[in-house]
Amino acid sequence: MRLYDTPARGVVEFEPLRPGHISMYVCGPTVYAPPHLGHGRMAISFDLIRRYLVFAGWDVKFVSNYTDVDDKIIARARDEGVSADAVARKYEAVWDDAMRRLRVMPPDVAPRATDHVGAMVALVESLVESGNAYVSTSGDVLFSVRSFDGYGKLSHQSIEDLDAGARVEPGEHKRDPLDFALWKAAKEGEPSWPSPWGPGRPGWHIECSAMAATYCGHPFDIHGGGSDLIFPHHENEIAQSEAADGVVFARYWLHTGMVNLEGAKMSKSTGHFLSIEDALARYSPEAIRLLVAQTHYRNQLDFSPALVADSEAAVDRIATMCERAAEALGLDAATLRAAPAIVAAEPEAGAMAAFQAAMDDDFHTPAATAVLFDLVKRANAAVDRDETAELPALLAAIAAVDSVLQVVPPPARGDTALADVMELVLELRQRAREEKDYATADRIRDRLAEAGISVEDSPEGAKWRRRRR
RNA sequence: GGCGGCGUAGCCGAGUGGCUCAGGCAGAGGUCUGCAAAACCUUUUACGGCGGUUCGAUUCCGCCCGCCGCCUCCA
């Protein structure tokens, strides 16, 4: 298996720390606002990667945190007149719900920063002892970037280059403009924890260093996140994790591309974004996942309604195929879509080989979707030719590929009242057709289409189904 | 200014030094149908510009143009 490693600036062969095992840490959300499609893309991208690793037989430990103590959370709490903890818990739930709806698997461990302050304090202490950190006159504990030789190795910047663009806020008392806070002294009314340097709270970067080491080990295999976290967040994680003991922090770094909306990056801070909730009100989770999978995870994704509409049509096509195949095999369509593995058959070997080859090459999901659509086309062709013998192997392969992609839509919830009404309507329409009253038959079909129900005539009688938009 | 990415057919989006091709969506024609739909088959001046390397470049190199990201909180 090969993957693109950010510090190596290229695709490298993956070698696990322990054979058969992969420990993975992906930076989770700061829970102060609803997540947007940028977060969704990042989460779906890593979900695709994780599901594939599991599919490929790795024993994966997937850890993703909640940053639940932060300036923005505190500011939000102040604005709303509630506690910081209340804000964090609220948006944690919003995040979980969004992830569930996007069919993103929950992490094996989802640690909260506030539950790991002790480990952070211990890490800061060791950095102070090793001379990599100092207590500033303002009472903060700062990391001295010049004390760490490798600073800049992830983002490929020299300290000099970075220095030129660095800003210093008044009152920070930094020895170097690039030095960053490991521990912030408590201000009036802020959440705080006891420490050797007085009450305070952890800096942003230290939590990930502490939690990743706690749950994934030191070192661990793969660290992931959005590409906008490369600097300074991940660069700083490396510095503070490696400076004290010289042990490598994460062995491979994976970064996902940004999502653009109308030509500019989505960003919570600028208000230029489409929330996951709003997106899901208009588009199906499967269409959003397909859109994400059809673009390589490292590339920028330019989001637009027209784009999801395309994906929606493609997802619809997969759903239609499932129904046709189920009928051809005499299976219940809903059961087939809910549990495609019902067709107990060996997945078609050629497709599986193509799928694995694609995913082993830096998680090439665009090629994997091509494999899926090739299977859909072959399954449809088999139904057309009435060659159902090869169908189970094709469906098993589709199920296998979809165990990673998760783009086959689940069956619509059964609405028996609608089904009864439709039975009557189609019966009346059939009577009109038999009487060659095609005007009436077509009018019924057209009106149903307007109501979002398509009607298809076939030798076995008319079939109907609800259309996605 | 420093670091990095991208520019591929109507749209989105993979990929490759020459060989038949990614894939999806849309459009056109065909099969099927009372007409449709679905499905299948066929199909639509493709590789930003200018040079260079090469027997041969969309693919490698250089320059230019355009777009985007990071360098500050950010998925």
Side-chain angles (χ1 to χ4, degrees), chain A residues 6 9 26-30 32 35-46 70-72 152 155-158 160-169 178 204 224-233 235 255-260 263-270 273 290-291 293-296 298-304 306-318 320-321 323-324 354 358 364-374 376-385 433 436-439 441-442 445-446 449 454-459 462-465 467:
Chain A
T6 302
R9 273 184 173 160
V26 174
C27 285
T30 297
Y32 76 97
H36 57 64
L37 272 179
H39 300 96
R41 193 268 179 108
M42 183 280 296
I44 291 169
S45 290
F46 280 110
D70 164 90
D71 291 346
K72 287 184 184 131
S155 56
H156 300 103
Q157 302 264 359
S158 68
E160 284 63 38
D161 290 340
L162 291 165
D163 234 3
R167 288 184 201 168
V168 185
E169 300 298 326
L178 290 173
W204 175 35
S227 62
D228 53 352
L229 296 185
I230 294 172
F231 191 91
H233 186 54
E235 195 71 63
H255 290 100
T256 56
M258 297 291 101
V259 176
N260 276 196
K265 191 184 88 161
M266 285 197 204
S267 177
K268 276 201 278 194
S269 54
T270 56
F273 64 82
L290 182 62
L291 182 59
Q294 280 180 318
T295 306
H296 188 85
R298 282 189 280 113
N299 287 166
Q300 179 177 289
L301 174 57
D302 285 294
F303 185 89
S304 75
L307 220 48
V308 215
D310 285 358
S311 298
E312 208 77 71
V315 165
D316 221 15
R317 190 161 157 246
I318 302 170
T320 305
M321 183 281 303
E323 277 161 35
R324 297 182 81 219
H364 199 329
T365 54
T369 64
V371 171
L372 175 67
F373 284 108
D374 184 56
V376 169
K377 180 176 283 192
R378 287 167 67 190
N380 272 321
V383 173
D384 277 358
R385 292 193 310 269
R433 290 183 73 210
K436 302 264 190 273
D437 179 7
Y438 293 121
D442 291 350
R445 189 172 61 199
D446 291 347
S454 71
V455 174
E456 297 171 15
D457 294 314
S458 78
K463 285 173 238 164
W464 67 276
R465 60 202 167 84
R467 305 286 308 185

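The analysis underlying the following values was restricted to heavy atoms, covering all of them including side chains, and did not include hydrogens, waters or symmetry mates.
We find that CG of A:L290 is positioned 11 Å from C1' of B:rG13, with the value rounded to whole Å. Taking atom CD1 of A:I318 as the reference point, atom P of B:rA39 lies 11 Å away to the nearest angstrom. Following rounding to the nearest Å, A:R324 (CZ) and B:rA37 (C1') show an atom-to-atom distance of 11 Å. Between A:F273 atom CZ and B:rC73 atom P the separation is 20 Å, expressed in whole Å. For the pair A:D457 CG and B:rA39 C1', the interatomic distance rounds to 15 Å; values are reported in whole Å. Atom CG of A:N380 and atom P of B:rA39 are 6 Å apart (whole Å). The distance from atom CZ of A:F231 to atom P of B:rC3 is 15 Å, rounded to the nearest whole Å. A:Q157 places its CD atom 16 Å from the P atom of B:rG69, with the value rounded to the nearest Å.
Within 4.0 Å (heavy atoms only), A:M266 reaches at least one base atom of the nucleic acid. Residue contacts shown for A:T295 are limited to sugar-phosphate atoms, with no base heavy atom under 4.0 Å away. Nucleic acid contact for A:V383: none, since no nucleic acid atom lies under 4.0 Å from a heavy atom of the residue. Here A:V455 lies in heavy-atom contact (under 4.0 Å) with a base. Within 4.0 Å of A:K265, counting heavy atoms only, lies at least one base atom of the nucleic acid. Nucleic acid contact for A:H364: sugar-phosphate only, since backbone atoms but no base atoms lie under 4.0 Å from a heavy atom of the residue. At a threshold of 4.0 angstrom between heavy atoms, the contacts of A:G40 with the nucleic acid are absent. Residue contacts shown for A:G225 are limited to sugar-phosphate atoms, with no base heavy atom under 4.0 Å away. Contact annotation for A:S458: no contact, since no heavy-atom pair falls under 4.0 Å across all strands. Within 4.0 Å (heavy atoms only), A:I230 reaches no atom of the nucleic acid at all.
When the C1' atom is used for both B:rG49 and B:rC6, the distance is 16 Å, rounded to whole Å.
Using a 4.0 Å cut-off, some side-chain N or O of A:R317 falls inside it from OP1 or OP2 of B:rG24. A:K463 has no side-chain polar atom (N or O) that falls below the 4.0 Å cut-off from OP1 or OP2 of B:rA37. In this structure, A:N260 does not reach the B:rC68 phosphate: none of its side-chain N or O atoms is under 4.0 Å from OP1 or OP2. One finds no side-chain N or O of A:K377 lying less than 4.0 angstrom from the OP1 or OP2 phosphate oxygen of B:rC40. Here A:H255 does not reach the OP1 or OP2 of B:rG69: none of its side-chain N or O atoms lies under 4.0 Å away.
The side chain of A:P366 has B:rA22 as its nearest neighbour among B:rA22, B:rG34, B:rC25. When distances are taken from the side chain of A:V259 to each of B:rA36, B:rA38, B:rA75, the shortest belongs to B:rA75. The side chain of A:D228 sits closest to B:rA75 out of B:rG23, B:rG34, B:rA75. Closest to the side chain of A:S269, out of B:rA75, B:rC73, B:rG34, is B:rC73. With distances taken from any side-chain atom of A:K268 to the nucleotides B:rA75, B:rG24, B:rA38, the minimum falls on B:rA75.
For A:R298 and A:H255, the side-chain atoms include no donor-acceptor pair closer than 3.5 Å. Counted by atom type alone, A:T320 and A:R465 present one or more donor-acceptor pairs between their side chains at under 3.5 Å. Judged purely by distance below 3.5 Å, without hydrogens or angles, the side chains of A:S155 and A:E235 pair a donor atom with an acceptor atom.
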Got a list of protein N/O to nucleotides 4-7 of chain B N/O distances below 3.5 Å?
{"residue": "B:rG4", "atom": "OP1", "partner": "A:R9", "partner atom": "NH1", "Å": "3.3"}
{"residue": "B:rG4", "atom": "OP1", "partner": "A:R9", "partner atom": "NH2", "Å": "3.0"}

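With hydrogens and angles ignored, the 3.5 Å screen pairs no side-chain donor or acceptor of A:T365 with any backbone N or O of A:A368.
Under the 4.5 Å side-chain criterion, counting only non-hydrogen atoms from C-beta, A:Q300 is not in contact with A:T295. Contact annotation: the side chain of A:V259 never approaches that of A:M42 to less than 4.5 Å [non-hydrogen atoms, C-beta and beyond]. Using a 4.5 Å heavy-atom cutoff, the side chains of A:R41 and A:F303 are not in contact.
By the criterion of a centre-to-centre distance under 5.5 Å and near-parallel planes under 30°, the ring of A:Y438 forms a stack with the base of B:rG34.
Summary of the strand contacts: A:T369 and A:D302 both lie near RNA chain B, and taking for each the nucleotide with the nearest heavy atom, the more 5' one is attributed to A:D302. Heavy-atom distances to RNA chain B give each of A:A441 and A:D384 a nearest nucleotide, and the one nearer the 5′ end belongs to A:A441.
Comment: A:D228 engages A:K265 in a salt bridge, judged by a side-chain N to carboxylate O separation of less than 4.0 angstrom.
Rounded to the nearest 0.5 angstrom, A:H156 NE2 and A:F231 CZ are separated by 13.5 Å. In this structure, A:M321 CE and A:L372 CG are separated by 7.5 Å, a value rounded to the nearest 0.5 Å.
Counting atom types as modelled, A:R385 pairs no side-chain N or O with a base atom of B:rC40 as donor and acceptor under 3.5 Å.
The salt bridge (charged side-chain N to carboxylate O under 4.0 Å, His left out) search around A:D442 returns A:R445, not counting sequence neighbours.
The two residues A:K268 and A:T30 have their closest heavy-atom pair at NZ-O, 3.3 Å.
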Per-nucleotide pairing state of RNA chain B [Watson-Crick or G-U, under 3.5 Å; [ ] pseudoknot-crossing; | other strand]
(((((((..(((.....[....)))((((((.......))))))...(((((..]....))))))))))))....
